[in-house]
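This report concerns only the one structure given below.
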Protein chains: 2
Amino acid sequence: MFNTDAALDKAVRLFWQRGYDATSMADLVAETGVAAASLYAAFDNKAGLFAAVIERYAATFSVHLYAPINDPALSTFEAVKGLLERAASSFSEPGTPAGCFMYSAAAAVSPASAAIECLLRDKRIAAEALLIERLQRGAAQGELAANADPAVLGKFINTVMEGMSVQARDGATINELLSIAKMALDRWPAAV
Amino acid sequence: MFNTDAALDKAVRLFWQRGYDATSMADLVAETGVAAASLYAAFDNKAGLFAAVIERYAATFSVHLYAPINDPALSTFEAVKGLLERAASSFSEPGTPAGCFMYSAAAAVSPASAAIECLLRDKRIAAEALLIERLQRGAAQGELAANADPAVLGKFINTVMEGMSVQARDGATINELLSIAKMALDRWPAAV
DNA sequence: ACCGATAAAGAACGATCATTCAATAATCAA
DNA sequence: TTGATTATTGAATGATCGTTCTTTATCGGT
């Protein structure tokens with residue numbers, strides 16, 4: 001078989017930039033250099049290819065973005081700070097399309113592609129749940145103010161990240177994104 | 001001529017939900033009940049129709065959303081609070097597609113539709129500039145802390161709004177959005 | 001009632017869409 | 001080397017895309 005990972009890397013860029021509906025199989029063939037029939041043999045159809053692209057993005061980009069959340073050596077604040085700072089730099093990284101694939105690749109799709117939208121939505125919700133769990137662990141260890149609600153705080157942090165992705169798509173620089181991240185962290189409910 | 005505003009209202013919903021590329025002329029014909037040739041006579045082409053849809057959305061929705069920013073009776077804080085609260089309620093309004101049209105209708109499009117993306121981006125950037133101007137006016141009148149940067153604060157508020165739109169698309173309730181808005185308004189840099 | 005002008009629509013256009021088929025090239029056990 | 005299997009592809013599929021052409025209604029002025 002052809003090098004599926006290399007092809008997926010190319011496909012990730014394309015879907016990232018143009019979104020699901022606006023990326024045609026002809027585009028994917030031109031970008032990957034793999035014939036359409038071969039892509040179908042490997043991934044069944046466009047939706048299957050996109051599902052594989054999601055997993056490839058998660059393995060190569062999301063893992064790095066969310067690394068601070070899973071790093072046991074970091075305090076809860078440091079973990080969230082690391083997450084937002086990585087978002088700022090990766091969303092504005094010149095070598096990749098701006099913003100986050102998970103947020104913009106299927107922002108608005110046709111009813112025929114509703115299943116695709118769900119795939120990404122589930123990933124977004126799972127990532128938010130991961131963040132909230134980390135905050136709950138921090139709260140259990142007394143790192144957060146007593147009146148702080150980890151669920152609301154997590155949703156807030158996640159919302160800022162999602163907004164940062166739109167900002168990056170509109171041309172925000174890494175420094176602007178870092179300023180936004182810093183301001184979000186100003187709201188941090190540290191234990192007294 | 002047919003009732004263009006009524007047709008545009010229908011078209012707004014369709015583009016709002018599905019985005020530019022995923023909304024076909026056939027969809028628009030079915031939804032508006034106006035024949036394709038008539039739509040072309042009135043708006044030239046799909047891009048022209050979309051441009052008219054943008055203006056229709058701005059006149060019927062954005063105006064209401066940004067009303068607090070232009071209300072001279074409100075303090076700067078009240079204006080921003082009103083903006084975020086209106087975002088929370090309108091983004092989750094059951095009668096309309098979730099989120100904000102300006103943020104999601106052309107989040108990711110094909111290179112052929114790049115001009116469409118620019119149209120919406122310009123609207124987003126103009127709205128952000130409007131918010132920042134309001135904050136600068138507040139700063140000039142001593143409503144903000146001396147070390148507060150209106151440009152950064154405005155970008156932050158705007159980022160939260162953009163994130164709230166993604167949250168709404170993913171099913172966030174009005175109460176969840178209000179909690180997010182409330183957290184964004186915490187530690188407001190009020191003058192001492 | 002009639003007529004020129006305007007508005008609306010049905011049917012067709014070539015282009016492109018995702019997908020598949022038939023045929024070729026590469027691989028490997030024997 | 002041979003033969004069966006697998007991998008790969010160019011070409012063709014019907015469907016749908018945005019767009020336009022031609023024809024049919026509609027309408028205000030005389």
Side-chain angles (χ1 to χ4, degrees), chain A residues 1-54 105-120, chain B residues 1-54 105-120:
Chain A
M1 261 226 294
F2 63 93
N3 186 339
T4 54
D5 278 347
L8 284 176
D9 283 335
K10 301 267 193 182
V12 163
R13 305 297 177 105
L14 225 45
F15 279 122
W16 194 344
Q17 228 160 21
R18 309 183 183 182
Y20 181 75
D21 275 315
T23 303
S24 73
M25 289 302 299
D27 293 334
L28 291 161
V29 167
E31 185 74 14
T32 62
V34 179
S38 297
L39 292 175
Y40 275 83
F43 305 107
D44 280 0
N45 50 29
K46 188 183 176 185
L49 171 56
F50 189 77
V53 159
I54 293 177
V109 300
S110 67
S113 313
I116 293 298
E117 197 170 13
C118 268
L119 238 57
L120 276 185
Chain B
M1 261 226 295
F2 63 92
N3 186 339
T4 55
D5 278 347
L8 284 176
D9 284 336
K10 302 266 194 182
V12 163
R13 305 297 178 105
L14 223 46
F15 279 124
W16 194 344
Q17 228 161 22
R18 309 183 182 183
Y20 181 76
D21 275 314
T23 303
S24 73
M25 289 302 299
D27 293 333
L28 291 161
V29 167
E31 184 75 13
T32 61
V34 178
S38 298
L39 292 175
Y40 275 84
F43 305 108
D44 281 359
N45 48 31
K46 189 184 176 185
L49 171 56
F50 189 76
V53 159
I54 292 178
V109 299
S110 67
S113 313
I116 293 298
E117 198 171 13
C118 268
L119 239 57
L120 277 184

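Note on naming: letters A, B, ... go to the chains in the order of the sequence lines (proteins, then strands), and numbering restarts at 1 for each one.
Within the 4.5 Å cutoff, the side chain of B:Leu8 has no heavy atoms near those of the B:Thr32 side chain. Contact annotation: the side chain of A:Val53 never approaches that of A:Trp16 to less than 4.5 Å [non-hydrogen atoms, C-beta and beyond]. Residues B:Phe50 and B:Leu120 meet the side-chain proximity criterion, which asks for heavy atoms closer than 4.5 Å.
Annotation: of the two residues near DNA chain C, A:Asp44 and B:Phe2, the 5′-most nearest-nucleotide partner is B:Phe2. Mapped onto DNA chain C by nearest heavy atom, B:Met1 and A:Lys46 fall at different nucleotides, with B:Met1 at the one closer to the 5' end.
Taking every heavy atom of both residues into account, A:Ala35 and A:Val29 meet most closely at C-CG2, 4.2 Å. Taking all atoms of both residues into account, the shortest heavy-atom contact from A:Thr23 to A:Lys46 is O-NZ, 2.7 Å. Closest non-hydrogen pair, A:Ser38 versus A:Val34, comes out as CB-CG1, 3.5 Å. Of all heavy-atom pairs spanning B:Ser110 and A:Ala22, the tightest one is N-CB, 3.4 Å.
Under the 30°/60° scheme for interplanar angles, the aromatic rings of B:Tyr20 and B:Phe15 are found to lie parallel.
A straight line from OH of B:Tyr40 to P of C:dA11 spans 18 Å, rounded to a whole angstrom.
A heavy atom closer than 4.0 Å to some atom of DNA chain D occurs in no member of residues 13-32 of chain A.
First and last contacting nucleotides of DNA chain D toward chain B (any atom under 4.0 angstrom from a heavy atom, 5' to 3' order): D:dC17 to D:dC21.
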